[in-house]
**Q** 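Here it is: the structure, laid out below.
Computed from heavy atoms alone, side chains included, the values below leave out hydrogens, waters and symmetry copies.
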There are 2 protein chains.
Amino acid sequence: MMPTIRDVARHARVSVGTVSNVLNGSSLVKDETRQRVMAAIETLGYHPTAAARSLSTQRTNTIGMIRSEIRLQGNLIETDPMVLDLIDGITSEAINSSIGLTFWAIPAGQREMELYRRLVTSRQIDGLILFALREKDPRVAYLQEQAFPFVIFGRFESMEGDNWIDVDGAAGIEAAVRHLAELGHRRIAYLSPPHEQSLTRLRWQGFVRGMEEMNLSIDPALIYEGDFSEKSGQLGTHYFLDQPNPPTAIFCNNDRMAFGAMRAIQARGLTVGSDVSVVGFDDISLARYSNPPLTTLNQPIHDIGKALFNLLIKLINREPTDLLGGKLLKPELVIRQSTGRPR
Amino acid sequence: MMPTIRDVARHARVSVGTVSNVLNGSSLVKDETRQRVMAAIETLGYHPTAAARSLSTQRTNTIGMIRSEIRLQGNLIETDPMVLDLIDGITSEAINSSIGLTFWAIPAGQREMELYRRLVTSRQIDGLILFALREKDPRVAYLQEQAFPFVIFGRFESMEGDNWIDVDGAAGIEAAVRHLAELGHRRIAYLSPPHEQSLTRLRWQGFVRGMEEMNLSIDPALIYEGDFSEKSGQLGTHYFLDQPNPPTAIFCNNDRMAFGAMRAIQARGLTVGSDVSVVGFDDISLARYSNPPLTTLNQPIHDIGKALFNLLIKLINREPTDLLGGKLLKPELVIRQSTGRPR
DNA sequence: TACTTAAATTGAACCGGTTCAATTGGATGC
DNA sequence: GCATCCAATTGAACCGGTTCAATTTAAGTA
C-alpha cells in the first residue's frame, strides 16, 4: 500500500493540514516543521495521489487535444507531421508546469460531440486545444456555451474572442503568388484544402488577392480540392497537367500535397522548378531534403504550440490574456529549388 | 454546479448505491428502476466525475507515453513521423474503451526518472507505453521493480517478460542487404542508429549476417553513426562519398536519414538508384512520394500501436497476455526506385 | 397464511487529498 | 501577572464517486 498524507502526518508528528500546507508551499508553516515534514515525505517516498487532489481542487492538471478525423473520398486523412510538431511544442512547455496533454482520436460526427460532452462534464481535463477547425464548427459552439476553457490553432473568418492563434495563410499565399509572378509565371494552379476546413476560404482570399495584385487571371480549370494527403496532391497535379493549357506553377496548401505534386510532375518526365514550379505550405522538416528542396511557407509551429499552451493556462486560471482578438502570425516564404523561371 | 450522483438519486427516488449500479451496468437492478435512473441521468445531464471515480476505483482510465529526448551533437532529436503513426494506432484503439493517452516530453537524464517516479506513485496513469528503448534503460528497471504495468515498442537483446512488441529489424536488414547484393552491390555502407538505442546492436547483427551470407566484406570506413535526423543522413553520406573507395549502396536505419542521404547524393550530381542506391527503414507515408521513391522496410506501425494498447490493457487488468516472451513482427522490404543495379 | 429464499435496494464507510474555522502557544505590552 | 495579538497548528467536513453488509421487498413453497 502506498503511503497517504495521514501516514506522513503521523510520521512527522503533525496534522494532515500541515502536511498539505507544506506540499502546497504555504508560508504559514514554521521552517523547522517544514523540514520534519519534508523528511517524512522523503523517507516514506510519498507522492500525493492525483485523483484525490483533483477531487478536492477541481483541477486535473491535464489538458486535452482531440484528433477529429474527416473522411474524404472514403479515406481517413492521416495526421500531418505538422501536428506532431504542435504536440512537441505544447508538451515541451507543459512539462515545466507538470501538466499532461491527453489525446483522443475520433471521427467527426455524432460520436465526436459525445466525446466532447463527456470530457467537459466529467471534468477529465481542465481545458482543450482545438485545431483543424471546420466552418460552423459544432465543437466551438458547444465549448463556448459551456464556458469551458479552450484555445484554437486557427480561426474563423470573423472571430470574436481572444482564444485563438493562427498563421495568416492568406498573406503567405499572397507572397507565394507574388514570388511566382515575379519569376514570370502567369498560369498558376491552386491545390485547395478540403472545403469543410475554416481556413479554406481565408486562404482562397489570399490567392485571389495575390493574383489580382499581379494582374493574373484565375482559370477555374486550375483549381482542385485536395485533402492534405500526398495522394491528392498527385491526383490534382495530373488533373492540372492534363488540361489543354496546363499551368507552369502549382501552389499546394500543405507540404505533403506538394510532395505528391512533385512526384506527379516527375512521373511525366518533367522537371520541377523549370517545367513546373511547386510551392508548399508548412515547411515540415523534410521540405528542405526533398528533391528538389521545396519552396514553402514556414510557420513557427513549435512556438505556436508553446503559445497555445500558455494561453490556455491563462484561460483556465481566469487570468487576463493580454490578447485582443487572437494572435495572427505571418508565415515566412522560404525559397528553395522547387520554384524557378518558367521555360 | 454540476449534478452529482446524489442529485440523480434524489431525482429518481432511489439510493446512490442503485445509481452507481446502473452506471456500472450491474445486473442487480430491476429494469423499471433502471429506466427511472436513466431518465434522471438524462434530464439532469449527469456524467460521473472522473476524479471521484478514480479515487475509489484506483483507476484513471488513462495510459501514458513519454517522449524522452536524447541530445546528440547538441541538438534535440525531433520526433519521427513514425511516432505519430504509433500514436494514431494507440488512440484509434483506445477510443473504444474510453481510455485516453497522456503525453509528456522530457530530456533523458535525471529529471526523466523523477517524472516516471511521480507518474507511478501519484497514480496519474494506469500504465505506460515505452519506446526508443536505450541499452540498460533505467526506466525499464524502475517500472519492473515497481511492478507497474507497461509495454515496450522495441526490446532488449535478451528480454524476459511478455510485455514487448518489436519488429525484427535484423531480419529486415538482412533482407535489404540480400536485395542489394543480388542487384550486384558489393560495397554497402551502413548508416547506424545512435549507439545508446537498444535496437542498434540488434540491427547491426542483421547487417553483419546479411553481408556474411552474401560473402561481402564490411569496410569500417563505410560505417557512420547517425541520430535519425535528415541532417545526419546527409552528413554520413557525404562522409561515405568522400572515401577513396566509396560505396555503391547505403543502408539507412530510418527513412528520414535516407532522405538526407538521397539529398546528399543528388547534391553531388549523382543519381540515386544507379550511381548510389539507398534503402531506408520505416516506410513513412512520404517514402513512396520521394524522388526517387524510396526502397525501405515497412513496419505495420499502426497495428503495432493497436496491439501495444491491447497488451497494456491486459496487463493492467492482470489478464493473461497469451504472449510468451513478446511478439516479433517481420518488416517487409518494399522495393521502389531508390535501389537499382550499380553502374 | 406463514415461512423460506432470492432479488432488489439502501446508506454508511471509504478512497486521499484540501480547506478553513477553531485552537494552541509564545511573544509583547502595560 | 494578565490581557492582547499573531503565527502556527489542528482536525472535521468536504469533494463525488464505489462498495458491501444489512435490510427490505417480492416470489415461491408447503
Side-chain angles (χ1 to χ4, degrees), chain A residues 1-38 40-41 44-62 98 118-126 317, chain B residues 1-38 40-41 44-62 98 118-126 317:
Chain A
M1 220 58 250
M2 295 260 175
T4 73
I5 198 171
R6 280 158 238 272
D7 296 323
V8 175
R10 204 172 308 125
H11 197 274
R13 304 180 174 286
V14 293
S15 73
V16 292
T18 300
V19 177
S20 180
N21 280 334
V22 170
L23 287 171
N24 297 293
S26 163
S27 58
L28 280 171
V29 186
K30 211 203 299 180
D31 209 52
E32 184 232 315
T33 313
R34 184 189 311 280
Q35 305 287 329
R36 218 164 64 241
V37 172
M38 300 282 257
I41 288 173
L44 294 179
Y46 167 80
H47 277 267
T49 303
R53 181 169 266 180
S54 291
L55 183 56
S56 56
T57 59
Q58 310 278 30
R59 277 296 184 79
T60 62
N61 290 315
T62 305
S98 303
R118 184 161 63 73
L119 291 179
V120 169
T121 53
S122 72
R123 272 150 299 166
Q124 254 181 88
I125 48 176
D126 297 332
N317 294 335
Chain B
M1 219 59 250
M2 294 259 177
T4 72
I5 198 170
R6 282 160 237 271
D7 297 323
V8 175
R10 203 171 308 124
H11 197 273
R13 308 180 170 284
V14 294
S15 72
V16 292
T18 300
V19 177
S20 180
N21 279 335
V22 169
L23 287 172
N24 296 294
S26 162
S27 58
L28 280 172
V29 186
K30 211 204 298 180
D31 209 52
E32 184 231 316
T33 314
R34 183 189 311 279
Q35 304 286 332
R36 219 164 62 240
V37 173
M38 299 283 256
I41 287 173
L44 295 178
Y46 167 81
H47 277 267
T49 302
R53 180 170 267 179
S54 291
L55 183 56
S56 57
T57 58
Q58 312 277 31
R59 277 295 186 80
T60 62
N61 290 316
T62 305
S98 303
R118 184 162 61 74
L119 291 179
V120 169
T121 54
S122 72
R123 272 149 300 164
Q124 255 182 87
I125 47 176
D126 298 332
N317 294 335

**Q** Report the C-alpha distance between B/N61 and B/S98 in whole Å, list the side-chain angles of each, state the deciding distance to 0.1 Å, and finish with yes or no for side-chain contact (heavy atoms from CB on, under 4.5 Å).
**A** CA-CA 7 Å; B/N61 290 316; B/S98 303; over 6 Å; no
**Q** Over all strands shown, is B/S54 touching base, sugar-phosphate only, or nothing at heavy-atom distances under 4.0 angstrom?
**A** nothing
**Q** Round to the nearest Å and state the distance from A/D31 atom CG to D/dA7 atom P.
**A** 16 Å
**Q** Applying side-chain contact (heavy atoms from CB on, under 4.5 Å) to A/N24 and A/S20, what does each step give before you reach the verdict?
**A** CA-CA 6 Å; A/N24 297 293; A/S20 180; 3.4 Å; yes
**Q** Pick out which of B/M38, B/R53, B/H47 makes a side chain to side chain contact (heavy atoms under 4.5 Å, CB included) with B/L23.
**A** B/R53
**Q** So if I apply the side chain to side chain contact (heavy atoms under 4.5 Å, CB included) rule between A/V19 and each of A/D7, A/V14, A/V29, which one comes out positive?
**A** A/V14
**Q** Starting from the 5' end of DNA chain C, give me the residue, A/N21 or B/S56, whose nearest nucleotide shows up first.
**A** B/S56
**Q** Which heavy atom of A/V120 sits nearest to which heavy atom of B/M2, and what is that distance?
**A** O-CE, 4.3 Å
**Q** Closer to the 5' end of DNA chain C via nearest nucleotide, is it B/L55 or B/T33?
**A** B/T33
**Q** Base, sugar-phosphate, or nothing for B/T57, non-hydrogen atoms under 4.0 angstrom?
**A** sugar-phosphate
**Q** Using modelled atom types only, decide if a donor and an acceptor are shared between the side chain of A/R36 and the backbone of A/A12 within a distance under 3.5 Å.
**A** yes
**Q** Show your working on side-chain contact (heavy atoms from CB on, under 4.5 Å) between B/Y46 and B/I5 and close with a plain yes or no.
**A** CA-CA 8 Å; B/Y46 167 81; B/I5 198 170; 3.7 Å; yes
**Q** In residues 2-9 of chain B, which ones come under 4.0 Å of DNA chain D, going by heavy atoms?
**A** B/T4, B/I5, B/R6
**Q** To the closest 0.5 Å, what do you measure between CG (B/D126) and OG1 (B/T60)?
**A** 3.5 Å
**Q** Select from B/K30 and B/T49 the residue whose nearest nucleotide in DNA chain D is closer to the 5' end of that strand.
**A** B/T49
**Q** Side-chain contact test, heavy atoms from C-beta onward, threshold under 4.5 Å: evaluate it for A/T62 versus A/Q124 and give yes or no.
**A** no
**Q** What is the bend of the helix from C/dT1-D/dA30 to C/dC30-D/dG1 when you compare the axis at one end with the axis at the other, using five pairs each and rounding to 10°?
**A** 50°
**Q** State whether the side chain of B/T49 and the backbone N or O of B/A51 hold a donor-acceptor pair below 3.5 Å, judged by distance alone.
**A** no
**Q** Between A/R59 and A/R123, does a side-chain contact (heavy atoms from CB on, under 4.5 Å) hold up when you go through it step by step?
**A** CA-CA 8 Å; A/R59 277 296 184 79; A/R123 272 150 299 166; over 6 Å; no
**Q** Going 5' to 3' along DNA chain C, which are the first and last nucleotides with any atom under 4.0 Å from a heavy atom of chain A?
**A** C/dG16 to C/dT19
